[in-house]
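Step one of this worksheet: look at the structure below.
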Amino acid sequence: MASSVEVNQRIARLSAHLYPSNFQMEDSSSAVRRADCRAKGGAPGFKVAILGAAGGIGQPLAMLMKMNPLVSVLHLYDVVNSPGVTADISHMDTGAVVRGFLGQAQLDNALTGVDLVIIPAGVPRKPGMTRDDLFKINAGIVKTLCEGIARCCPRAIVNLISNPVNSTVPIAAEVFKKAGTYDPKRLLGVTMLDVVRANTFVAEVLGLDPREVDVPVVGGHAGVTILPLLSQVKPPCSFTKEETEYLTDRIQNGGTEVVEAKAGTGSATLSMAYAAVKFADACLRGLRGDAGVVECSFVASQVTELPFFATKVRLGRNGAEEVYQLGPLNEYESKTTSSFPLTNSIVLAVGRIGLEKAKRELAGSIEKGVSFIRK
């Protein structure tokens with residue numbers, strides 16, 4: 001039989017995992033410190049925080065990250081419902097220790113010592129809502145969370161999911177600049193859902209397994225700024241004009257497709273969680289020192305004249321250690337409508353997806369984010 005002291009210590013250890021901010025024991029001789037809990041309960045790996053863990057994206061994202069063998073400690077933060085999500089996910093028999101944090105007063109505790117921060121916090125898009133509508137609500141949320149990151153884990157890799165990513169990434173950058181902690185390599189806008197959709201939709205057209213397809217998606221993460229480079233698909237293939245138009249339109253409007261299908265009950269939460277975990281796993285493999293980890297992300301960039309742009313990046317111990325150029329583009333991907341005669345049937349599609357139009361749209365979104373902090 002275990003002694004009462006041992007039983008109390010086990011109970012205390014569980015309490016510390018679930019409610020670290022409330023964990024206190026009067027008897028210092030038998031107290032189990034939080035650091036001890038991590039050493040005894042956590043598998044080797046990285047410390048990850050999810051900010052917005054109780055939301056529609058946050059919950060499946062937290063569950064999938066709990067399953068990731070590279071995660072040793074998983075911090076789940078939200079302004080509501082995080083204790084319940086934490087208790088639920090902590091019952092999973094995987095190696096990561098789960099701890100919950102509730103409300104802004106516990107934000108700093110949630111972020112201290114973290115290696116990777118994933119931010120899905122904010123309101124979801126509803127039918128008829130534009131990404132500009134989202135901006136008015138989510139910009140302030142991202143600002144507050146990034147101020148916490150600057151205080152508590154300025155060297156962490158930040159995966160920013162909160163929409164509109166084209167504006168929230170510049171907001172985060174400006175917050176970090178003000179705090180003197182900005183490292184452009186460590187701030188990564190998550191555009192992986194566009195890549196996941198592109199792989200899936202292209203695979204459907206080609207009759208392939210989506211896991212065998214790789215479609216680079218560049219530009220940004222909203223509407224016409226999403227530019228799938230169908231000329232660079234792997235395995236190499238070709239598409240008719242009709243297929244190109246269909247695929248481009250569907251990839252650009254995948255989010256709207258889900259919002260409308262859910263008929264007011266939500267947005268793309270499950271596929272976004274999957275894509276976010278896929279990208280987070282790539283970041284963790286980069287942190288581990290794995291070679292050749294390359295994914296698309298919206299990052300500080302000199303690929304175009306814009307300060308931020310989504311392209312393929314090589315992930316390493318310091319985040320996005322190399323930003324790749326666009327590579328060769330075909331006319332459909334690179335030209336604007338003014339380059340084609342109006343009688344050409346391709347004009348509408350090019351006007352919708354051309355690189356120059358994507359950059360014009362992106363420029364406004366980036367400036368909106370920068371102005372939000374500088375105003």
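The aromatic rings of Phe101 and His75 sit tilted relative to each other, their planes meeting at an angle between 30° and 60°.
Leu326 is listed as a side-chain neighbour of Phe309, based on a closest heavy-atom distance under 4.5 Å. Using a 4.5 Å heavy-atom cutoff, the side chains of Leu329 and Gln232 are in contact. Counting only heavy atoms from C-beta outward, the side chains of Lys278 and Leu193 never approach each other to under 4.5 Å. Leu188 is listed as a side-chain neighbour of Phe279, based on a closest heavy-atom distance under 4.5 Å. Side-chain contact between Val71 and Leu116: absent, with no pair of heavy atoms (C-beta onward) separated by less than 4.5 Å. In this structure, Leu315 and Ile157 have side chains that are not in contact, with every pair of non-hydrogen atoms separated by 4.5 Å or more. Looking only at side-chain heavy atoms (C-beta outward), Leu187 and Phe176 come within less than 4.5 Å of each other.
No donor-acceptor distance shorter than 3.5 angstrom exists from the side chain of Asn166 to the backbone of Leu362, with no hydrogens or angles considered. A donor-acceptor pair is defined here as one N or O able to donate and one able to accept, closer than 3.5 Å; such a pair exists between the side chain of Thr304 and the backbone of Leu306. Asp249 places no side-chain N or O within donor-acceptor distance of the main-chain N or O of Glu245, the cut-off being under 3.5 Å. For the pair Ser162 (side chain) and Ile119 (backbone), a donor-acceptor distance under 3.5 Å is present. When atom types are taken as modelled, the side chain of Gln106 and the backbone of Leu102 share a donor-acceptor pair closer than 3.5 angstrom. Within the 3.5 Å criterion, the main-chain N or O of Gly113 finds no donor-acceptor partner in the side chain of Lys47. Proximity of a side-chain donor or acceptor of Ser167 to a complementary backbone N or O of Ser365 within less than 3.5 Å is detected. A donor-acceptor pair is defined here as one N or O able to donate and one able to accept, closer than 3.5 Å; no such pair exists between the side chain of Ser72 and the backbone of Ala96.
The pair Asp290-Arg288 counts as a salt bridge, with a side-chain nitrogen and a carboxylate oxygen less than 4.0 angstrom apart. Salt-bridge check for Glu147 with Lys178: failed, with every basic side-chain N at 4.0 Å or more from each acidic carboxylate O. The pair Lys357-Glu361 does not meet the salt-bridge criterion, since no charged nitrogen lies less than 4.0 angstrom from a carboxylate oxygen.
What you find for Asn163 and Asn138 is that their closest heavy atoms are O-ND2, 2.8 Å. A pairwise comparison of heavy atoms in Asn81 and Ala54 identifies CB-CB, 3.9 Å as the closest pair. Of all heavy-atom pairs spanning Arg197 and Ser271, the tightest one is NH2-OG, 4.5 Å. Shown here for Ile161 and Ala276, the closest heavy-atom pair between the two residues is CD1-CB, 3.5 Å.
Under the salt bridge (charged side-chain N to carboxylate O under 4.0 Å, His left out) criterion, Lys368 pairs with Asp132, not counting sequence neighbours.
Among pairs with a residue in residues 199-210, those fulfilling salt bridge (charged side-chain N to carboxylate O under 4.0 Å, His left out) read Glu204-Arg250, Asp209-Arg211, at least two apart in sequence or across chains.
The residue from Val218, Leu355, Val215 that alone fulfils the side chain to side chain contact (heavy atoms under 4.5 Å, CB included) condition with Leu229 is Val218.
A side-chain N or O of Glu321 and one of Asn318 form a donor-acceptor pair less than 3.5 Å apart.
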